[in-house]
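Data first, discussion second: the structure below is written as structure tokens.
Convention: sequence-line order gives letters A, B, ...; per-chain numbering from 1.
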Protein chains: 2
Amino acid sequence: MIVANDVNKTVRGNQSRNREEITARILSCAETIFAEYGFTGASISKIAALAGLPKSNIIYYFESKEALYRRVVGEIFDIWRDAADAIAIDNEPIKALGDYIDTKLDLARTRPNGSKVWANEIIQRAPIVQDYLEVELRSWTDNRIAVIDAWVTQGKIRPISGRHLLYSIWATTQHYADFTHQITTLNDGKELNDAQWAETKAAVKDILLSGVSL
Amino acid sequence: MIVANDVNKTVRGNQSRNREEITARILSCAETIFAEYGFTGASISKIAALAGLPKSNIIYYFESKEALYRRVVGEIFDIWRDAADAIAIDNEPIKALGDYIDTKLDLARTRPNGSKVWANEIIQRAPIVQDYLEVELRSWTDNRIAVIDAWVTQGKIRPISGRHLLYSIWATTQHYADFTHQITTLNDGKELNDAQWAETKAAVKDILLSGVSL
DNA sequence: AAAAATGTTGACCGATCGTGCAGAAATGCT
DNA sequence: AGCATTTCTGCACGATCGGTCAACATTTTT
């Protein structure tokens with residue numbers, strides 16, 4: 001007997017469908033817990049409780065705490081890498097850098113936990129993802145700095161240090177994610193609203209980029 | 001029998017002298033461990049091992065893990081508070097802000113662990129020091145922002161957001177402490193030397209303050 | 001319908017957690 | 001010298017840690 005339009009069975013079976021749902025849920029909850037407690041301080045029990053699953057199930061889908069953690073870190077790293085596509089030699093410098101700041105502030109708002117996980121990992125001297133830093137982050141950073149320095153050489157922007165400008169953009173944009181709690185507390189305990197985020201974007205671009213323009 | 005010039009007994013007894021030495025050593029080691037692992041991830045055993053003491057001894061001098069942690073956080077908070085004295089209404093704005101950035105970058109180099117402890121605590125939503133945030137940090141921040149905004153009103157600097165400028169200074173200066181490991185890795189695995197720190201100070205001031213000058 | 005593959009879970013392991021506590025050791029005081 | 005106080009530390013506790021595993025449930029394949 002064939003049941004028409006049974007969405008659960010048309011394309012693929014329940015198993016693979018649930019597998020994706022569950023792994024996504026675990027990854028999301030793991031990001032939250034790792035963000036709050038760091039790798040060492042986080043526990044599989046806490047992740048499992050947040051996801052509403054027995055902890056054995058976490059280990060079933062991700063073979064270890066470290067493997068799960070690497071997946072979480074890898075996600076935010078990829079997202080940030082894509083965001084930096086704006087910094088390309090042929091783009092107009094101020095617009096490119098402004099777009100990059102906008103995108104990173106959007107990510108600070110929508111994915112603060114990813115940023116916190118990264119911050120925790122670096123503060124702890126990257127015990128798990130040092131290979132990321134030495135290979136991928138390294139070449140990726142060098143390329144972006146080269147673009148900024150080239151803009152300087154071409155006389156398109158004021159002679160500033162590409163490296164320190166990039167670090168300042170990272171620092172400032174990620175601050176609005178990592179220090180959300182501090183910012184919220186200083187904002188009468190209320191999260192920034194749409195208008196305040198717009199104001200933040202404008203202010204950060206103003207502060208960081210008015211020294212870059214000729 | 002009186003033993004002359006016995007430095008251990010001249011001014012005060014061994015006990016009070018050792019007490020100060022030991023508490024200072026524990027505080028220093030605790031800062032290192034809390035910086036690396038956060039409150040939850042840190043353990044008294046690790047602190048004790050680093051200090052070369054049995055863990056019972058840690059509890060003897062500081063009644064609990066949380067009490068020890070509060071002492072560590074309080075120290076860096078006081079240091080940062082004093083550093084902001086430069087931001088006073090009667091000072092010349094660019095020099096005052098430049099001095100503040102210099103001081104905070106000096107602290108990033110000399111006391112990176114304090115900065116990391118603070119970062120960890122905020123990332124974790126200040127479970128231990130929320131009272132600091134709501135009372136002391138709050139009024140202290142409002143006062144500094146008022147000074148910067150007054151400079152704007154007086155026409156001494158360009159009209160920028162005092163709050164976001166302050167946040168940007170915090171973010172950038174603390175980035176060089178909290179993300180030391182990343183910066184070191186991107187610097188061929190070598191810590192920044194004196195010349196590079198001088199370059200950092202100049203670059204950060206250039207980037208953050210050239211948008212502030214009239 | 002039987003067999004195979006996949007998903008789920010509680011019980012359990014050795015290690016480590018924070019901390020209380022008794023008593024030993026050292027020091028201060030009279 | 002003798003007592004009081006302070007310093008120091010080993011041991012023990014219940015809780016939690018990451019991870020293994022066997023038993024069981026469900027789904028897919030044959």
Side-chain angles (χ1 to χ4, degrees), chain A residues 1-3 6-27 29-30 33-34 36-72 120 124 127-128, chain B residues 1-3 6-27 29-30 33-34 36-72 120 124 127-128:
Chain A
M1 167 181 149
I2 294 172
V3 178
D6 184 343
V7 288
N8 285 339
K9 301 205 175 185
T10 44
V11 178
R12 50 185 171 180
N14 281 320
Q15 276 188 356
S16 70
R17 189 166 166 278
N18 284 337
R19 172 170 270 270
E20 285 183 20
E21 281 176 10
I22 291 177
T23 53
R25 177 148 52 104
I26 293 173
L27 280 170
C29 294
I33 298 297
F34 282 132
E36 187 145 356
Y37 298 99
F39 178 75
T40 307
S43 74
I44 299 177
S45 301
K46 288 193 189 112
I47 296 168
L50 187 61
L53 295 169
K55 76 172 180 173
S56 321
N57 213 334
I58 310 292
I59 297 291
Y60 174 71
Y61 282 100
F62 301 86
E63 67 180 14
S64 68
K65 181 184 175 182
E66 181 173 325
L68 172 55
Y69 180 78
R70 285 187 69 95
R71 281 284 300 273
V72 171
N120 265 320
Q124 297 178 19
I128 311 292
Chain B
M1 169 180 146
I2 294 172
V3 179
D6 183 343
V7 289
N8 285 340
K9 302 205 173 184
T10 45
V11 178
R12 50 185 171 178
N14 280 321
Q15 277 187 354
S16 69
R17 192 168 165 278
N18 283 337
R19 173 170 271 270
E20 284 183 20
E21 281 177 10
I22 291 178
T23 53
R25 178 148 52 105
I26 293 174
L27 279 171
C29 294
I33 298 297
F34 282 130
E36 187 146 354
Y37 298 99
F39 177 75
T40 308
S43 73
I44 299 178
S45 301
K46 289 193 188 110
I47 295 169
L50 188 60
L53 296 170
K55 73 173 180 171
S56 318
N57 212 337
I58 309 292
I59 296 292
Y60 173 71
Y61 282 102
F62 301 86
E63 66 179 14
S64 68
K65 181 184 177 183
E66 181 174 324
L68 172 56
Y69 178 78
R70 285 188 70 96
R71 282 282 301 272
V72 171
N120 264 320
Q124 297 179 19
I128 312 290

Please tell me which of the listed nucleotides, D/dG10, D/dT7, C/dG7, lies nearest to the side chain of B/Pro54?
D/dG10
Is A/Lys55 close to A/Ile59 at the side-chain level, that is, under 4.5 Å between some pair of heavy atoms?
no
Is the backbone N or O of B/Leu27 less than 3.5 Å from a side-chain atom of B/Arg71, with the two atoms forming a donor-acceptor pair by type?
no
Length of the NZ-P vector between A/Lys55 and C/dA11, whole Å
13 Å
Whole-Å distance between C/dT8 C1' and A/Leu53 CG?
10 Å
Nucleotide of D/dT7, D/dG19, C/dG10 approaching A/Ile59 most closely (side-chain heavy atoms)
D/dG19
Side chain of A/Tyr61 only, heavy atoms from C-beta on: which candidate in C/dC17, C/dT8, D/dC17 is closest?
C/dT8
Atom CD of B/Glu63 and atom P of C/dT19 are separated, to the nearest Å, by 9 Å
I'd like to know if the side chain of B/Lys65 and the backbone of B/Ala42 have a donor-acceptor N/O pair within less than 3.5 Å.
yes
Could you give the CD1-to-C1' distance, from A/Ile26 to C/dT8, as a whole number of Å?
12 Å
For the side chain of B/Ile44, counting heavy atoms from C-beta on, which of D/dG18, D/dT9, C/dG18 is nearest?
C/dG18
Considering residues at least two apart in sequence or located in another chain, which fulfil the side-chain contact (heavy atoms from CB on, under 4.5 Å) criterion with B/Pro54?
B/Asn57
Once you apply a heavy-atom cut-off of 4.0 Å, does A/Ala42 come out as touching a base, just sugar-phosphate, or nothing?
sugar-phosphate
Roughly, in whole Å, what's the span from NZ in B/Lys46 to C1' in C/dT16?
9 Å
What is the nucleic acid contact for A/Ser56, judged by heavy atoms within less than 4.0 Å: base, sugar-phosphate only, or nothing?
base
Interatomic distance where CD1 belongs to A/Ile33 and P belongs to D/dG18 [whole Å]
11 Å
So which atom in B/Gln124 and which in B/Thr40 form the shortest heavy-atom distance, rounded to 0.1 Å?
OE1-OG1, 4.1 Å
Bend angle of the helix from C/dA1-D/dT30 to C/dT30-D/dA1, from helix axes over five pairs at each end, nearest 10°
10°
Rounded to whole Å, the CG-C1' distance (A/Asn57 to D/dC24) equals 14 Å
As a test of reading the structure: which of D/dG19, C/dT8, D/dC17 is closest to the side chain of A/Ile22, going by heavy atoms?
C/dT8
Side-chain N or O of A/Tyr60 versus OP1/OP2 of C/dT8: is the shortest distance under 4.0 Å?
no
Could you give me the CA-CA distance, side-chain angles and deciding distance for B/Asn120 and B/Phe39, then say whether side-chain contact (heavy atoms from CB on, under 4.5 Å) is met?
CA-CA 8 Å; B/Asn120 264 320; B/Phe39 177 75; over 6 Å; no
Does B/Ser45 make a side-chain N or O approach to OP1 or OP2 of C/dT16 shorter than 4.0 Å?
no
Shortest side-chain distance from A/Arg19, nucleotide among C/dT19, C/dG7, D/dG18
C/dG7
Could you tell me if the side chain of A/Leu68 sits less than 4.5 Å from the side chain of A/Ile44, heavy atoms only?
no
Could you work out which one of C/dT6, D/dC17, C/dG18 sits closest to the side chain of B/Lys65?
C/dG18
Any side-chain heavy atom of B/Ile47 within less than 4.5 Å of one from B/Phe34?
yes
Write down the distance between CD1 (A/Ile58) and P (D/dT20), rounded to a whole number of angstrom.
15 Å
